Amino acid sequence: MNSPIADPMLPRPFRIQSVRKETTDTFTFELAHPEEGSQNGFEPGQFNMLYVFGVGEVAISISGDSAEPGKLIHTTRAVGTVTQAMARLKPGQVIGVRGPYGRGWPIDDMQGQDIVVVTGGIGLAPLRPLLYRVLANRGRFGRVVLLYGARTPNDILYKKELERWRGRFDMEVLITVDRSTGGWRGHVGVVTQLISGAPFDPYHATAFICGPEIMMKYSVDALTKRGLPSERVYVSMERNMKCAVGFCGHCQYGPKFVCKDGPVFPFTEVKRLLDIWEV
Amino acid sequence: MLATKDVKQLISEHEFLRGMDPKHIATMSEFAKLKVVHENEYMFRIGEEADCCYLIRDGCIAIEVRHPSRGPVTIQTLGANKVVGWSWLTEPYKWQFDGRALALTRGVCLDSKQLREACEKDHEFGYQLLSRFVPVIADRLEATRIQLLDLYAP
């Protein structure tokens, strides 16, 4: 269970323990609260608001293991003012943290199901906690399939972890890149193309998708074509979040607030909205 | 060399031809032969006569195009249970891309000239074959369109 938050708008100072460069523009922070033994429980799929003092705040998914609440892990892509300022921070420096917020992946309700994870780009980060949870409770699930698409081989996140997962006998990891470079000998094409041949039973599977909205939409189409009903698909939506607790309406998505009602939604709840421009 | 009967079995098991009428499978087995392409060998080259339609059983073929400054660029890879090549379907029946094996690749090659003749002679066969090709072409067009969006660009 998550511990209650005293003041949801008040950031807590966390020290950066380590910074790992994942790709040219993506990095992973390991954060720790200065109070020893402080627990930062979260559910896979939830996010925190990270505050770079004097610059601003940004919503970042938690990408660590919820079974290790002492370690707070965030993988971030440096694309805007705040995230670029974050990328310049060094171990030992302090960052503000509010959270965790939002509705996570309903993974604990899916026991006995095949688990199909479809993700692209940095979308793997919010799904990594789900994979940790599934693999820690491996016997409770059917087949576990990770389908991951990246722009180029150099943009693949968590390479060592993916290699480790690929080496397991109880998990299928299929990776594709949109553009091949160098000595890449793997699959080239969009991630949706991996779905038709992926080893899962569509009648007993649940899919979890995170990535650009168009990719999610076409992934659901491909899953449906395989026979997996859209009622058993969950997606994580991304919107510019400000308050993160449903006060400001900044992340309003049709009748929903992504921060409070999401970021994870059953696909059927957002299906109609995905076809509307500028929701 | 495998007997026609064995090739027929391989064709009938291929995902692309699933549900095809046995008499049509028999027709194709008359002009089918096994094909093995070793790692880094070319299955076909751009500009050459598209004389085969390949049903891949295992392995991986990279569809490549030569970029003036970047050398060969892989557009797509096709693996087990995929069909490779439709240049034989439309004039001038020349390969439009290179096809290079990324790993030892085994499959069945259907003689394209005889395929076209069989389609012309038996329209039902032609319809059955094309009704399998059209979804493959549509899927690959859709994938190419998504690829063009460069979804993960910064």
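All figures in this text were calculated on a predicted structure; none of them were measured in a lab.
For residues 36-46 of chain B, the interface with chain A (any heavy-atom pair closer than 4.5 Å) comprises B:Glu39, B:Asn40, sorted by residue number. Taking non-hydrogen atoms and a 4.5 Å limit, the residue list of residues 157-178 of chain A in contact with chain B, ordered by number, reads A:Asp178.
Between A:His74 and A:Phe29, the distance separating the two ring centers is not shorter than 6.0 angstrom.
In this structure, A:Tyr203 places its OH atom where only 12 or fewer heavy-atom neighbours from other residues, nucleotides or ligands lie under 6.0 Å away. Around atom OH of B:Tyr127, no more than 12 heavy atoms belonging to other residues, nucleotides or ligands sit under 6.0 Å away.
B:Ala62 does not touch chain A: none of its heavy atoms, backbone or side chain, sits under 4.5 Å away. In this structure, the portion of B:Ile75 lying under 4.5 Å from any heavy atom of chain A is its backbone and not its side chain. Using a 4.5 Å cut-off between heavy atoms, A:Ala150 contacts chain B through its backbone alone, with no side-chain atom that close. Heavy atoms closer than 4.5 Å to chain A are found in the side chain of B:Glu142, but not in its backbone.
Taken to the nearest 0.5 Å, the SG atom of B:Cys60 stands 10.0 Å off from the CZ atom of B:Arg100. Atoms CD1 and CG, on B:Ile137 and B:Leu89 in that order, are 6.5 Å from each other to the nearest 0.5 Å. One distance of note links CD1 of A:Ile209 with CD1 of A:Ile195; it measures 6.5 Å at 0.5 Å rounding. The structure places OH of B:Tyr152 at 14.0 Å from OG1 of A:Thr23, a figure rounded to the nearest 0.5 Å.
Most heavy-atom pairs under 4.5 Å with chain A: of the set B:Gln147, B:Arg140, B:Glu15, this distinction falls to B:Gln147. Counting heavy-atom pairs closer than 4.5 Å to chain A, the top residue among B:Ala153, B:Pro72, B:Ala143 is B:Ala153. Ranked by heavy-atom pairs under 4.5 Å with chain A, the first of B:Leu102, B:Ile63, B:Leu78 is B:Leu102. With chain B as the partner, the residue from A:His187, A:Met215, A:Arg151 showing the most heavy-atom pairs under 4.5 Å is A:Arg151. Counting heavy-atom pairs under 4.5 Å between each of B:Val73, B:Asp150, B:Thr144 and chain A puts B:Asp150 at the top.
Exactly one residue among A:Thr26, A:Thr24, A:Asp25 makes a side chain to side chain donor-acceptor pair (under 3.5 Å) with A:Arg77. That residue is A:Asp25.
Under 3.5 Å, the side chains of B:Gln128 and B:Arg132 contain a donor-acceptor pair of N or O atoms. Using a 3.5 Å distance cut-off with no hydrogens or angles, the side chains of A:Thr224 and A:Asp221 do not pair a donor with an acceptor. Residues A:Thr28 and A:Glu22 bring a donor and an acceptor atom of their side chains to less than 3.5 Å of each other.
The cationic group of B:Arg145 does not satisfy the cation-pi geometry with A:Tyr218, failing either the under 6.0 Å distance to the six-membered ring centre or the 45° limit from the ring axis.
Relative orientation of the A:Phe208 and A:Trp105 rings is perpendicular, given thresholds of 30° and 60° on the angle between their planes.
B:Asp139 has no carboxylate O lying under 4.0 Å from a charged side-chain N of B:Lys82, or vice versa, which leaves the two without a salt bridge.
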